[in-house]
4 protein chains.
Amino acid sequence: MAEQFKTRQRFQERRQRRIERRRNEILTAAARVFAERGYSNTTTREIADAADIAEGTLYNYFAGKRDILLAIARETEAPMEAAVLEAGKLEDRTAMIVMFEKAFDIFETRLPFMRTVLTEAWMDDGILKEFLVVRLRRISQALQAFIAKRVASGAFRPIDPTTGARLAMGMFAGLITPSLRGVEPLPSREQRRALAETIVDILLNGISVQVT
Amino acid sequence: MAEQFKTRQRFQERRQRRIERRRNEILTAAARVFAERGYSNTTTREIADAADIAEGTLYNYFAGKRDILLAIARETEAPMEAAVLEAGKLEDRTAMIVMFEKAFDIFETRLPFMRTVLTEAWMDDGILKEFLVVRLRRISQALQAFIAKRVASGAFRPIDPTTGARLAMGMFAGLITPSLRGVEPLPSREQRRALAETIVDILLNGISVQVT
Amino acid sequence: MAEQFKTRQRFQERRQRRIERRRNEILTAAARVFAERGYSNTTTREIADAADIAEGTLYNYFAGKRDILLAIARETEAPMEAAVLEAGKLEDRTAMIVMFEKAFDIFETRLPFMRTVLTEAWMDDGILKEFLVVRLRRISQALQAFIAKRVASGAFRPIDPTTGARLAMGMFAGLITPSLRGVEPLPSREQRRALAETIVDILLNGISVQVT
Amino acid sequence: MAEQFKTRQRFQERRQRRIERRRNEILTAAARVFAERGYSNTTTREIADAADIAEGTLYNYFAGKRDILLAIARETEAPMEAAVLEAGKLEDRTAMIVMFEKAFDIFETRLPFMRTVLTEAWMDDGILKEFLVVRLRRISQALQAFIAKRVASGAFRPIDPTTGARLAMGMFAGLITPSLRGVEPLPSREQRRALAETIVDILLNGISVQVT
DNA sequence: AATGAATGAGATTTCATTCAT
DNA sequence: CATGAATGAAATCTCATTCAT
């Protein structure tokens with residue numbers, strides 16, 4: 001009896017894992033086509049083809065097309081949380097570099113997911129608010145706090161912290177966009193490190209040679 | 001005879017103007033809904049309603065839905081050319097500020113048009129290439145030349161000009177995006193001037209207080 | 001007063017003639033495009049363009065698109081009546097030849113009109129019944145009477161008159177169809193005469209050399 | 001394993017047959033409505049209703065409305081080839097009769113298909129050239145060769161072979177048209193045989209009693 | 001679970017007709 | 001009378017979703 005139960009349990013677990021695996025296959029395939037053609041322009045047929053399953057099978061794993069989009073968005077939550085956490089304790093210049101590096105890393109591992117979410121957030125208020133605003137705001141606040149503190153201590157010139165945070169995030173956007181849009185390959189790990197350093201370096205010291 | 005001809009001519013001109021006016025009304029209405037809901041998610045019915053005309057009437061002015069999108073994109077060409085021209089002769093810091101200010105101004109006058117084009121360029125390679133790439137490249141090249149020249153003369157630290165240009169354009173993106181996305185009102189003329197100055201100031205000198 | 005009346009009358013007549021002329025211009029243009037593309041596939045815009053007038057003007061002369069088709073059909077009534085009359089008194093071989101020649105002539109003068117009517121009669125029961133059946137039946141009956149009489153007198157072999165009439169009309173169709181379909185120019189006057197003679201000759205005597 | 005494979009294979013085959021059957025059902029229904037109202041005047045809604053399926057289902061089997069027309073036209077190719085083959089070896093009078101009989105038979109089995117193709121060929125150059133001209137020309141050439149040979153041998157009077165072929169085909173047209181147009185039922189098998197004989201008899205010997 | 005044919009609501013587009021100028 | 005822009009009904013086609021197998 002106990003044996004039988006264990007067997008059944010193991011069977012259930014394996015089933016769960018199989019379901020989970022299949023779900024992820026679908027999400028990966030869907031993210032790829034969404035990233036290429038956009039959510040609205042992608043048909044469930046295309047998703048099914050990309051995932052190499054029948055259209056009807058999609059509905060065994062997701063409630064509908066939009067649910068797939070939301071699942072993709074949800075997949076970006078965990079990695080983005082990493083950068084947010086990093087941003088939470090922005091103690092020094094190094095921490096800032098690490099945060100940007102983490103941010104670059106997210107795109108390395110989840111490019112189609114990120115592209116899909118960022119693209120849709122551009123038009124879909126639901127996606128924007130639920131999956132982006134919260135995290136971006138937390139990053140922004142961390143940056144603002146970092147700036148405000150140093151402005152107060154006299155280490156930074158008296159810049160508006162909000163503007164400063166936006167400039168920092170914009171610099172990151174300026175570097176990631178070509179890869180995100182697919183017109184350029186992603187930077188390598190070393191390049192990402194260097195880019196993160198450049199962002200922080202320029203943000204703090206500017207391009208000009210400082211006259212001493 | 002001459003009178004009659006003149007009358008007819010004036011009649012034709014007025015008609016031309018009326019047609020032109022109506023076309024622009026439709027474009028403005030369409031840009032508004034496209035900006036809000038995206039091109040794909042907008043129906044011709046919605047465009048017609050927004051323009052307060054019948055659906056069929058759209059086709060008296062445009063060949064189809066996509067033609068409306070292209071016309072909107074074309075409307076952004078002239079203003080963007082202004083910024084490009086400004087960028088062409090980036091002689092000094094002031095010229096750079098003026099360029100960014102011009103760039104801000106474009107969004108002031110044509111926000112829904114710009115938002116529509118930028119959003120669609122995000123997924124539509126045709127729009128991207130025909131209406132954005134050329135101009136962005138010219139701006140980027142002007143920035144790169146500006147940077148490269150000063151790096152050579154020793155005025156700038158040895159930064160990669162491409163990266164530098166992207167950082168500059170990213171900073172602009174960081175400041176305009178909230179307005180573009182519609183989560184924040186557009187900055188006033190004075191604010192735009194100040195933001196342009198901030199971009200250039202931070203880009204050149206950074207946030208840190210320079211220790212002399 | 002009388003003068004004025006006369007003037008007014010003349011004016012009215014001229015107006016009537018002008019209207020009549022314009023109507024015919026429209027019909028000719030419409031028949032041309034109908035013949036080429038078919039009634040259903042022709043737009044009122046195309047008719048108007050072909051007639052070099054505005055779309056709206058059509059409705060000053062005709063009640064609607066279908067009314068133009070009916071007017072075209074009506075235009076074929078008079079010429080077809082000629083052949084019917086000829087057929088009515090089929091006394092001898094010569095009369096038969098003359099009838100077929102007249103039939104060929106109709107197409108010479110009114111090719112697009114005939115093509116339009118015959119094409120539409122092929123699918124439109126209204127056109128078929130109102131403009132074709134009556135006349136074809138009268139021709140058929142004349143042919144049948146011609147045949148029946150001679151069968152009775154022993155001059156013709158005992159053929160079914162209905163079948164005979166159909167064969168005769170079919171022979172005519174076989175010769176006119178290539179021109180009607182537009183894959184071949186119309187035969188000249190002399191050729192038409194010769195073709196009419198051939199029809200009657202073969203119908204009566206066949207192709208074979210008669211062994212005496 | 002082998003069993004399972006066989007089962008799957010049989011399942012696939014049955015599915016293929018079901019799809020084929022459904023396709024044919026749709027074609028038959030479409031040919032019926034096309035024959036009655038013409039291709040242009042028939043809506044996809046009417047086709048779907050006639051086939052007792054939803055409009056959207058049409059597009060699971062055909063690429064579009066015109067594709068249905070082309071499929072109908074294609075269905076007439078095989079049977080028409082029969083008559084063409086018969087015509088290829090027109091050795092004697094009997095062979096000619098058989099050819100016309102075969103031609104009549106085609107309409108017996110595929111009346112709406114034939115009517116649709118012939119009607120559309122009347123206006124659609126694509127249909128005309130792709131599905132009619134080739135075959136009609138081959139029949140015509142066989143008839144011409146038949147005539148030319150006998151004219152040379154002195155068995156036939158010196159008639160123009162082209163005209164002769166047209167007369168023969170016209171005679172056939174004269175007899176089939178009433179059935180094709182739907183104003184008369186199709187002739188029975190015996191009647192078709194008799195009609196074919198009549199065509200050849202009259203074509204060769206004419207109606208007149210030959211004076212010996 | 002997997003399949004994919006069936007569905008029908010909805011999207012884009014056409015076009016005969018009207019009507020203000 | 002002539003014009004042609006405006007109209008909206010109707011046509012073709014797409015596609016997310018359902019469901020029988």
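This structure is a prediction, so every number in the text was calculated from the model and none was measured. Order of the sequence lines fixes the chain letters, A, B, ..., with proteins taken first and strands second; residue numbering starts at 1 for each chain.
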Enquirer: Could you say whether C:Ala54 or D:Thr57 is positioned toward the 5' end of DNA chain F, judged by the nucleotide with the nearest heavy atom to each?
Expert: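 Whichever sits nearer the 5' end wins; that is C:Ala54.
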Enquirer: Starting from P on F:dT7, measure out to CD on C:Glu55 and report it in whole angstrom.
Expert: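 Between P of F:dT7 and CD of C:Glu55: 16 Å.
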Enquirer: Rounding to an integer number of Å, can you tell me how far B:Arg14 CZ sits from F:dT3 P?
Expert: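 Answer to the nearest Å: 19 Å.
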Enquirer: Should D:Thr44 be listed as having a side-chain N or O under 4.0 Å from OP1 or OP2 of F:dA11?
Expert: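 So the side-chain polar atoms of D:Thr44 never come under 4.0 Å of the phosphate oxygens OP1 or OP2 of F:dA11.
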Enquirer: Using Watson-Crick or G-U wobble geometry with both distances under 3.5 Å, which nucleotide pairs with E:dT7?
Expert: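 Across any shown strand, E:dT7 pairs with F:dA16.
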Enquirer: Using heavy-atom distances to pick each residue's nearest nucleotide on DNA chain E, tell me which of C:Tyr59 and B:Arg45 is more 5'.
Expert: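 Final value for this comparison: B:Arg45.
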Enquirer: Take D:Tyr39 and A:Arg66, find for each the nucleotide of DNA chain F with the closest heavy atom, and name the residue whose nucleotide sits nearer the 5' end.
Expert: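 Counting from the 5' end, the first nearest nucleotide belongs to D:Tyr39.
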Enquirer: Would you indicate what D:Leu58 reaches in the nucleic acid, counting non-hydrogen atoms under 4.0 angstrom: base, sugar-phosphate, or nothing?
Expert: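 The answer is nothing, as D:Leu58 stays clear of every strand by at least 4.0 Å.
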Enquirer: For B:Asp49 and F:dG8, what is the distance between atoms CG and C1' respectively, to the nearest whole Å?
Expert: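 Going from B:Asp49 (CG) to F:dG8 (C1'), I get 13 Å.
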Enquirer: Would you mind classifying the nucleic acid contact of C:Arg18 as base, sugar-phosphate or nothing, using non-hydrogen atoms under 4.0 angstrom?
Expert: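 The answer is sugar-phosphate, as C:Arg18 gets under 4.0 Å only of primed atoms, P, OP1 or OP2.
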Enquirer: Within the structure shown, what part of the strands sits under 4.0 Å from D:Thr43 by heavy-atom distance: base, sugar-phosphate, or nothing?
Expert: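 D:Thr43: backbone/sugar contact only, no base atoms under 4.0 Å.
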Enquirer: Considering every strand and a 4.0 Å limit on heavy-atom distances, what is the contact class for B:Thr42: base, sugar-phosphate, or nothing?
Expert: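 Counting heavy atoms under 4.0 Å across all strands, the contact made by B:Thr42 is with sugar-phosphate only.
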Enquirer: Would you say the side chain of A:Leu58 lies within less than 4.5 Å of the side chain of A:Thr44, judging by non-hydrogen atoms?
Expert: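 Counting from C-beta outward, A:Thr44 and A:Leu58 do come under 4.5 Å.
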Enquirer: Let me know, please, whether D:Ile19 or B:Asn60 comes out on the 5' side of the other along DNA chain E by nearest nucleotide.
Expert: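 The answer here is D:Ile19.
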Enquirer: In terms of side-chain geometry, is the basic nitrogen of B:Arg22 or B:Glu25 positioned less than 4.0 Å from the acidic oxygen of its partner?
Expert: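 Yes, this pair counts.
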Enquirer: Examine C:Lys65 relative to C:Tyr39 and say whether NZ or CZ is less than 6.0 Å from the centre of the six-membered ring and inside a 45° cone about the ring axis.
Expert: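 Here C:Lys65 passes the 6.0 Å and 45° test against C:Tyr39.
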Enquirer: Watson-Crick or G-U wobble partner for E:dA1, using a 3.5 Å limit on both distances?
Expert: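 Pair assignment: E:dA1 / none.
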Enquirer: Could you go through B:Phe62 and B:Arg23, starting from their C-alpha distance and side-chain angles, then the distance that decides it, and tell me whether this counts as side chain to side chain contact (heavy atoms under 4.5 Å, CB included)?
Expert: CA-CA 8 Å; B:Phe62 299 96; B:Arg23 243 187 86 98; 3.5 Å; yes
Enquirer: So do C:Phe34 and C:Ile68 actually touch side chain to side chain, heavy atoms under 4.5 Å?
Expert: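 Yes; the side chains approach each other to less than 4.5 Å.
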Enquirer: Regarding A:Arg15, tell me which of base, sugar-phosphate or nothing describes its non-hydrogen contacts under 4.0 Å with the strands shown.
Expert: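 Result for A:Arg15 = sugar-phosphate.
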Enquirer: Starting at CD1 of D:Ile68 and ending at P of F:dC13, how long is that distance when rounded to a whole Å?
Expert: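 Result: 9 Å.
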Enquirer: Give one of base, sugar-phosphate or nothing for C:Tyr61, where a contact means two heavy atoms less than 4.0 Å apart.
Expert: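 It contacts sugar-phosphate atoms only.
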Enquirer: Calculate the interatomic distance between D:Gln16 atom CD and E:dG4 atom C1'; express it in whole Å.
Expert: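 Rounded to whole Å, this separation is 13 Å.
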Enquirer: Between B:Arg17 (CZ) and F:dA5 (C1'), how many Å, whole number?
Expert: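 Taking atom C1' of F:dA5 as the reference, CZ of B:Arg17 is at 17 Å.
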Enquirer: Could you work out which one of F:dA6, E:dA2, E:dT12 sits closest to the side chain of B:Arg22?
Expert: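 Selected nucleotide (nearest to the side chain): F:dA6.
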Enquirer: Considering only NZ, NE, NH1 and NH2 on the basic side and carboxylate oxygens on the acidic side, decide whether A:Arg37 and B:Asp125 come within less than 4.0 Å.
Expert: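 No salt bridge links A:Arg37 with B:Asp125.
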Enquirer: Which of these nucleotides, F:dT12, E:dT13, E:dT17, is closest to any side-chain atom of B:Lys65?
Expert: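 For B:Lys65, the side-chain atoms sit closest to E:dT13.
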Enquirer: In whole angstrom, what separates D:Asn41's CG from E:dC15's C1'?
Expert: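 The answer, rounded to whole Å, is 14 Å.
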Enquirer: Figure out the CD1/C1' separation between D:Ile26 and E:dA5, and round it to whole Å.
Expert: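 Result: 11 Å.
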